[in-house]
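For reference, the structure is listed below as structure tokens.
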Amino acid sequence: MRTLHDHLNHYGVARIHRWSPIRGQADRAVARGDAVRILPGVVAATGLADDPRTIIRALVLWHRDITFVGKTALLLQGLKAPGADRYMDLSRINCVEAFSMTRRVHRPGIRVHRWHMPHRYLTERDGIRMAVPEVSVLMLAIAGEWEWVCEALRQRLVTPASCRKARKSLTRRYSKSEVDAALADIDLNAWSIPELEVSRMLRAVGVTGHKPNRKVWAGERCYYLDQAFDAEHVALEIDGRSVHGTREGFEDTMMRSAHLDRHGWTVLHATPTMVRRNPRFVLDWLASHLHRRHRPKNIYPESVLRRIMNGAQVA
């Protein structure tokens, strides 16, 4: 017969039922501080109790209908976390989120909602139930976790169209206005926070004729432009220091701009700091390169533009 020590050494967690033969061992281990009751009827080795992998195993053992959602689900579905250099980097999350039809629990590092979700919004991988990526992305957008949303869009885990198809998954969980606002920003298809801020500003002032992350060919080379105005052959690029400020990034950016210029594109380079400090200047600079029909229709003070970039709605 396997002992509690065997379970904790192999899995890090153990399920303790009322008549479990290792229940007494679990009680003594908890009393000594060698194990903790991570969930009702589930104990984990003390040193592993805060590890997201341990929490995931504990939730799967705790109840058969546990379904993961949010950041945890996205990582399990192949998303590389923002700023991570490898896949399945669960250290990037501080709370494992899931839902169940019959259970609800909120503990440090664990949040389980009592929800029912139609089967079409669920998927399974390696025996672990998860919500489809669009559900997690919508929830994170409503919660303001835009870094994760932008990364999911950049890595093509979801698209704005697929997120729209999943909106009914959140019926009676969030208000219609919250879902509408999240989808409106997801529709901007931004691949980073600075791109999202610029897209919000362009939308608010009425700039038209642009496509986000537009795929264009410059000879035999293919590039994605942050904001591409096809009629004018003008591109607005938001160049962050972390990517474009390195030696290799700088060289790649210059070569990229040269190729695009050679094939008729005018590339306007702005930095996130430049946009946040001087949004009116960036708008005027961009407008000077656009046809009249695509220029801004609304004028706002810089303080209002900054609030718009941070997600505020214009009355």
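Residues Ser100 and Asp65 share a closest heavy-atom pair of OG-OD1, 2.8 Å. Among all heavy-atom pairs drawn from Lys297 and Thr208, the shortest one is NZ-OG1, 3.5 Å. Closest approach of Val13 to Ala58, counting heavy atoms only: CG1-CB, 4.1 Å. Closest approach of Arg129 and Glu124 over heavy atoms only: CG-OE1, 3.9 Å. Minimum heavy-atom separation, Glu302 to Arg277: OE1-O, 3.7 Å. The shortest heavy-atom contact between Leu90 and Arg53 is CD1-CG, 3.4 Å.
In the hydrophobic clustering of this structure, Val216 does not group with Leu268; members are Ile, Leu, Val, Met, Phe, Trp, Tyr whose side-chain heavy atoms approach within less than 4.5 Å, directly or through other members.
Taking 4.0 Å as the cut-off between side-chain N and carboxylate O, Asp185 and Arg203 count as a salt-bridged pair. With salt bridges taken as basic N to acidic carboxylate O contacts below 4.0 Å, one links Arg164 and Asp187. A salt bridge does not link Glu197 to Arg306: none of the charged nitrogens lies less than 4.0 Å from a carboxylate oxygen. In this structure, Arg214 pairs ionically with Asp230, as a charged nitrogen and a carboxylate oxygen lie closer than 4.0 Å. The pair Asp180-Arg167 meets the salt-bridge criterion, with a side-chain N (NZ, NE, NH1 or NH2) lying under 4.0 Å from an Asp/Glu carboxylate O. Salt-bridge annotation for Arg256 and Asp261: absent, with no side-chain N of the basic residue lying under 4.0 Å from a carboxylate O of the acidic one.
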Could you list the donor-acceptor pairs under 3.5 angstrom formed between side-chain atoms of residues 40-50 and any protein atom two or more places apart in sequence or on another chain?
| unit_1 | atom_1 | unit_2 | atom_2 | d |
| --- | --- | --- | --- | --- |
| Thr46 | OG1 | Gly33 | O | 2.6 |
| Thr46 | OG1 | Asp34 | O | 3.1 |
| Thr46 | OG1 | Ala35 | N | 3.1 |

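Formation of a donor-acceptor pair under 3.5 Å by the Glu195 side chain with backbone atoms of Trp191 is found in this model. The backbone N or O of Ser175 sits less than 3.5 Å from a side-chain atom of Glu178, completing a donor-acceptor pair. Looking at Glu97, its side chain never comes within 3.5 Å of a backbone N or O of Ile110 through a donor-acceptor pair. His289 places a side-chain N or O within donor-acceptor distance of the main-chain N or O of Trp285, the cut-off being under 3.5 Å. A donor-acceptor distance shorter than 3.5 angstrom exists from the side chain of Arg92 to the backbone of Gly83, with no hydrogens or angles considered. His263 places a side-chain N or O within 3.5 Å of a backbone atom of His259 that can act as its donor or acceptor partner. Judged by distance alone, the side chain of Arg154 and the main-chain N or O of Ala190 form no donor-acceptor pair under 3.5 Å. Asn94 contributes no side-chain N or O that, together with a main-chain N or O of Gly109, makes up a donor-acceptor pair within less than 3.5 Å. Between the Asp226 side chain and the Ile238 main chain, a donor and an acceptor come within less than 3.5 Å of each other. At least one donor-acceptor pair closer than 3.5 Å links the side chain of Glu232 to the backbone N or O of His291.
Surrounding CE of Met255 are at most 12 heavy atoms belonging to other residues, nucleotides or ligands under 6.0 Å away.
When side chains are defined from C-beta on, Leu39 does not count as touching Val112, because their heavy atoms never get closer than 4.5 Å. Within the 4.5 Å cutoff, no side-chain heavy atoms of Thr54 are placed close to those of Ile56.
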- Test side-chain contact (heavy atoms from CB on, under 4.5 Å) applied to Leu122 and Met130, step by step: CA-CA 6 Å; Leu122 305 180; Met130 295 167 278; over 6 Å; no
- Message: Assess the residue pair His269 and Ser257 against the criterion (side chain to side chain donor-acceptor pair (under 3.5 Å)); give the C-alpha distance rounded to whole Å, side-chain angles, the decisive distance to 0.1 Å, and a yes or no.
- Response: CA-CA 9 Å; His269 293 279; Ser257 294; 2.7 Å; yes
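Residues Ser199 and Gln227 bring a donor and an acceptor atom of their side chains to less than 3.5 Å of each other.
Both tests hold for Arg200 against Trp146: distance to the six-membered ring centre under 6.0 Å, angle to the ring axis within 45°. Judged by a 6.0 Å distance limit and a 45° cone about the ring axis, Arg156 is positioned over the six-membered ring of Tyr224.
Not a single salt bridge (charged side-chain N to carboxylate O under 4.0 Å, His left out) links Arg292 to another residue, sequence neighbours left out.
Between Trp265 and His233, the ring planes lie parallel to each other; the angle is under 30°, not in the 30° to 60° tilted range.
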